[in-house]
Amino acid sequence: MGTAADPLIKEGTGRTVWDLDAYGFLAGDCPDTANPSLWRQSRLCSDHGLFEVTDGIYQVRGFDLSNMTLVEGDTGVLVIDPLISAETAAAGLALYREHRGDRPVTGVLYTHSHIDHFGGVRGVLPDGAADGGVPVLAPDGFLEHAVRENVYAGTAMARRAAYMYGAALPKGERGQIGAGLGQTTSTGSVGLVPPTRDITRTGQTETVDGIRMVFQLTPGTEAPAELNIHFPDRSALCMAENATHNQHNLLTLRGAEVRDPRVWAQYLAEAIDRFAGSSDVAFASHHWPVWGREQLIRFLSEQRDLYAYLHDQTLRLLNQGLTALEIAESLRMPPALERAWHTHGYYGSVSHNTKAVYQRYLGWFDGNPAHLWEHPPVEAARRYVEFMGGADEVVRRARESFAEGDYRWVAQVVHHVLFADPDHAEARRLQADALEQLGYGSENGTWRNFYLMGALELREGPVGTPTATTSPDLLAALTLDQLFDSLAIRVDGPRSWDADITVRWTVDGRDPVTLRLHNGVLTHVTGTGPAAAEPDVEVDLAEADLRALLTGGTDPADLAARDGVRISGDASRLPALLGHLAAPDPDFAIVTP
């Protein structure tokens, strides 16, 4: 229907968080530096603007990694999955209103708990809007998983996501051309408005602004909390991120909980059974719709078979004694599925998905005792390089392999040189060249980005992590239990072995919570039973003051001066406790030790 007149979406200071024209080069022919199949996928994903799905349902595509869907109701519009950033979501809503009128947002729906499906909510639902009666719907468990994923392991995930999406790569035929699922992630303001209405069972129906919806819960598929939606009055089916035009991840390269392809296939079968016979279009929170009942049934059936095959055949092979690496090398998809473009590994891959299934069932150990107690990377690398005749000899022979086009082996063997001698200039150059060639040939967008990011950092040094996962909204959404757990993850265990500090909090007059650092472990207990040690200090305060203290917004020395705060006992134990917490490193090394 049209796109934004200004291609640059900016935040308040003028910094660009999304450029609609950044991928214009994809209109040209595929160069030698890109896989033709990935080039085609990226070109399709880069199409941007407002698109009509069916009568009364529209999508903003190409304004972020994900799509934002808008369903027109009696008086306004229901927004489904408001992108990553407030700025991109606001720009998408403005584009919709430009073409469809200035309709108010009368509801928001999150299909699942990943940040590209809720982070931009403040762009469509400003502060206080939910309190004003605008319902916010989400699947059961959404809030727990949304905040836990982005806080507990958020630093490591963000660093690896910078590789996965090629954050520092230039856009172009030698750099970042997309990620398969979408182009990349926006870099604006991330927020979260907690749900006001939970979807707790399959078959549950809800009506928002006259829009009737029937829900299917799909936990354990693409996200631990996810749902599909049928719109019976429009014969339309929203598949969230459970059926998109690629093979999805069973374990995303940025890191996450391993997903279950068995239940994924079962839920797709259930969706076909429940909804396909009364649907004329299926759309998702990424990519483009499938129109026509016969076509959408075929699409969903092939997606079902894709995940079932990955699961079943990996189990068959591991029960024959093959290891994860061996399965990844030997498993091939059926020709019928290989011919379906939407099953190709643009985002997930057969290689890393079979390893994920293996990990889900058997874990990291392949059963070979030689692999039970291996040396860590640096120590092993030094020994390998010494065995192979020294760094210079390894690099010399690796150059011969490079000339033969065996880039995969070059990357594997030169890795040892870099971990034994990170400053070996020739090894850095050769490894960067090998990773670059592997990236150029990859059909998988995230593999390409990982390879090219590794090459970039080897040549130019660390480029950092452009995104942070712990926004104020996400921190505010943590329960107190989750907040205490997030502190426990940060305890410097060895430095805390001999510490014994106990603090008892009484928050807003509720049952006291005793926090104890002992044996290098930070535990918390509600109540004053036998598990709660006698406190060194007791603090009576409001929850807002506790959150400010534990998230770094208040200095412990200033806590007593805050209104309503009462401290009894040894107040010096508060800064002592916080002093045992270590800050995570958002820029840790990946391709070097």
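Just so we're clear, the structure is a prediction, and the values are computed from it rather than from any experiment.
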Engineer: Side chains of Thr200 and Asp140: donor-acceptor distance under 3.5 Å anywhere?
Structural biologist: no

Engineer: Do the side chains of Pro219 and Pro139 get nearer than 4.5 Å, heavy atoms only?
Structural biologist: no

Engineer: Using 4.0 Å as the upper bound for N to carboxylate O, is an ion pair formed by Glu149 and Arg254?
Structural biologist: yes

Engineer: For residues 265-274, please give each side-chain donor-acceptor pair under 3.5 Å, one per line with the distance, not counting sequence neighbours.
Structural biologist:
from   : atom 1 : to     : atom 2 : distance (Å)
Glu270 : OE1    : Gln216 : NE2    : 2.7

Engineer: Do you see a donor-acceptor pair shorter than 3.5 Å between the side chains of Thr33 and Glu173?
Structural biologist: no

Engineer: Relative to each other, are the rings of Tyr347 and His248 parallel, tilted or perpendicular (30° and 60° limits)?
Structural biologist: perpendicular

Engineer: Evaluate whether atom CD of Gln295 has more than 12 neighbouring non-hydrogen atoms of other residues, nucleotides or ligands under 6.0 angstrom away.
Structural biologist: yes

Engineer: Return the orientation label for the His342 and His245 ring planes: parallel under 30°, perpendicular over 60°, tilted otherwise.
Structural biologist: perpendicular

Engineer: Please examine the side chains of Tyr96 and Met68, heavy atoms only from C-beta on, and report whether any two atoms are closer than 4.5 Å.
Structural biologist: no

Engineer: Return yes when atom CG of Asp55 has more than 12 non-hydrogen atoms of other residues, nucleotides or ligands closer than 6.0 Å, and no otherwise.
Structural biologist: no

Engineer: side-chain contact (heavy atoms from CB on, under 4.5 Å) between Glu226 and Ser113: does it pass, once the steps are laid out?
Structural biologist: CA-CA 7 Å; Glu226 190 151 357; Ser113 51; over 6 Å; no

Engineer: Using ring centroids (six-membered ring only for Trp), state whether His311 and Tyr361 fall under 6.0 Å.
Structural biologist: yes

Engineer: List the atom of Ser46, the atom of Gln183, and the distance in Å for their closest heavy-atom pair.
Structural biologist: CB-NE2, 3.9 Å

Engineer: So for atom CG, which belongs to Asp29, do other residues, nucleotides or ligands contribute more than 12 heavy atoms lying within a distance under 6.0 Å?
Structural biologist: no

Engineer: Answer yes or no: are there more than 12 heavy-atom neighbours, outside Arg408 itself, under 6.0 Å from its atom CZ?
Structural biologist: no

Engineer: Taking NZ, NE, NH1 and NH2 as the nitrogens, is one of them in Glu241 or Arg259 under 4.0 Å from a carboxylate oxygen of the other?
Structural biologist: no

Engineer: Tell me whether Arg293 at atom CZ has more than 12 heavy atoms from other residues, nucleotides or ligands lying less than 6.0 Å away.
Structural biologist: yes

Engineer: To the nearest 0.5 Å, what is the distance between CG on Asp260 and CG on Leu250?
Structural biologist: 9.0 Å

Engineer: Between Asp19 and Lys171, is there a salt bridge with N-O shorter than 4.0 Å?
Structural biologist: no

Engineer: Between Glu302 and Arg298, is there a salt bridge with N-O shorter than 4.0 Å?
Structural biologist: yes

Engineer: Please round to the nearest 0.5 Å and tell me the distance separating atom NE2 of His344 and atom CD of Gln41.
Structural biologist: 10.0 Å

